[in-house]
Amino acid sequence: MAGAITIERILALQAAYIRCIDNNELEAWPDFFVDPCLYKVTTAENQRHGFEAGIIFADTKGMLIDRVAALREANIYEKQTYRHILGLPNIAKNGSAEAESETPFLVVRTMHDGQTDVFATGVYLDTYRVTGNDLKFSRRIVVCDSSRIDTLMALPL
Amino acid sequence: MAGAITIERILALQAAYIRCIDNNELEAWPDFFVDPCLYKVTTAENQRHGFEAGIIFADTKGMLIDRVAALREANIYEKQTYRHILGLPNIAKNGSAEAESETPFLVVRTMHDGQTDVFATGVYLDTYRVTGNDLKFSRRIVVCDSSRIDTLMALPL
Amino acid sequence: MAGAITIERILALQAAYIRCIDNNELEAWPDFFVDPCLYKVTTAENQRHGFEAGIIFADTKGMLIDRVAALREANIYEKQTYRHILGLPNIAKNGSAEAESETPFLVVRTMHDGQTDVFATGVYLDTYRVTGNDLKFSRRIVVCDSSRIDTLMALPL
């Protein structure tokens with residue numbers, strides 16, 4: 001039997017996800033998703049107009065793994081680190097095996113020379129699914145508030 | 001019987017309040033308050049000196065509704081969006097029908113051209129009241145850290 | 001018997017700690033620590049390289065008290081205020097009398113003239129201990145993301 005999804009489990013998953021990225025443990029990042037999945041980064045403007053094209057799009061775990069490999073090759077972590085700060089999730093639906101929520105986020109980027117700026121803000125539109133003993137994302141749509149997202153963006157949000 | 005006020009209900013109210021504003025559903029904003037109420041935006045400096053005059057002041061739901069109408073007329077949402085990030089509430093008092101808390105906040109503003117900045121930081125001084133099945137604000141004093149608040153400020157905090 | 005450490009107690013301690021600093025109640029700050037303790041502010045780069053030298057170091061409550069006295073003498077609060085926004089703690093270990101967590105933070109600084117900037121981001125590496133009825137920090141290592149920390153930094157993080 002799949003367990004019911006408690007708010008504690010959702011909070012723990014959200015906290016672990018950003019820790020993985022901010023601690024540069026990117027190889028563990030794809031494991032936060034079921035397979036197949038939907039991971040998309042887009043802008044509020046695109047989302048409003050129903051444009052399909054996002055900044056990043058992946059619908060299998062393999063695509064997420066490929067993305068990490070590409071990031072490692074580009075050695076992008078030499079150049080920048082992220083710090084995610086999350087707001088509280090609004091739980092929209094919650095069944096026993098699947099739930100949906102909206103969670104505001106803020107990402108501060110620190111460059112190699114120590115310079116710091118607000119890199120992105122927005123909201124995570126998430127669908128969670130229980131798989132075995134784990135809670136994972138079946139869908140994470142990252143909606144960025146600004147349409148002026150750094151085109152060199154590389155780290156996952 | 002009015003139910004006791006759990007931390008879960010307080011967190012859910014806080015999360016729903018900022019979602020309403022950040023998603024541009026302003027018409028629903030006055031419903032977060034009882035009537036009469038107190039909604040005030042002020043600065044830490046004014047608050048310290050006991051100055052009554054705030055940046056925004058409303059003590060009835062009608063005044064909140066008027067404010068939304070004025071914002072819609074000014075079409076202010078064409079020009080900017082907000083993203084609220086909240087810290088955890090410090091619950092100061094908690095009876096069965098009324099509670100008080102202090103909650104830190106940060107608001108990032110994104111302008112139409114995509115430019116992003118930290119618009120305001122501060123603390124919400126809140127009093128909650130149970131009305132029927134709902135938890136609402138009977139008082140929300142928004143104390144901004146900076147005395148240099150944008151005088152064109154229009155969206156609710 | 002020492003009580004088990006619930007997530008609610010950890011969240012309440014974290015919220016009270018930042019409220020103490022952001023409300024300029026610094027004299028109460030040392031009481032958040034057991035004695036002896038470890039309070040250290042360092043950078044991610046130093047931490048990665050295992051450098052002992054931090055920006056701030058204290059291992060007794062007396063050192064924390066001395067620090068507050070020095071800050072009061074320098075009248076530093078005339079010049080700046082902080083606003084801490086915390087993310088959710090990742091609880092790493094949790095026994096009945098001691099627990100460990102990692103908590104992301106963001107600090108916005110407001111200068112006397114009203115200017116606001118992101119002062120620091122990073123992560124709190126904390127060890128908690130139950131002493132009597134209270135939960136306190138036995139260790140708080142503040143790891144700042146940027147190596148370019150304002151050398152005039154004075155308020156506790």
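Below, read A as the first sequence line, B as the second, and so on, with proteins coming before strands; counting in each chain starts at 1.
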Which value, rounded to the nearest 0.5 Å, describes the distance between [X] atom [atom1] and [Y] atom [atom2]?
X: T103(C); Y: R19(A); atom1: OG1; atom2: CZ; value: 11.0 Å
X: D117(C); Y: T116(A); atom1: CG; atom2: OG1; value: 10.0 Å
X: Q115(A); Y: S146(C); atom1: CD; atom2: OG; value: 9.0 Å

Quick check on L11(A) against chain C: is it the side chain, the backbone, both or neither that has a heavy atom closer than 4.5 Å? both

Check P104(C) against H84(A) and note the closest heavy-atom contact, atom names and distance. CB-O, 4.0 Å

For P89(C) and A15(A), which heavy atoms make the closest approach, and how far apart are they?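 That would be O-CB, 4.4 Å.
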
Would a 4.5 Å heavy-atom cut-off, applied to side chains only, mark [X] and [Y] as touching?
X: T121(C); Y: T110(A); value: yes
X: V118(A); Y: V118(C); value: yes
X: V123(C); Y: D22(A); value: no

At a heavy-atom distance under 4.5 Å, which candidate from I18(A), L88(A), D113(A) has the highest pair count against chain C?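 Of I18(A), L88(A), D113(A), D113(A) has the most heavy-atom pairs under 4.5 Å with chain C.
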
Assess the residue pair V108(A) and D145(C) against the criterion (side chain to side chain contact (heavy atoms under 4.5 Å, CB included)); give the C-alpha distance rounded to whole Å, side-chain angles, the decisive distance to 0.1 Å, and a yes or no. CA-CA 10 Å; V108(A) 173; D145(C) 291 325; over 6 Å; no

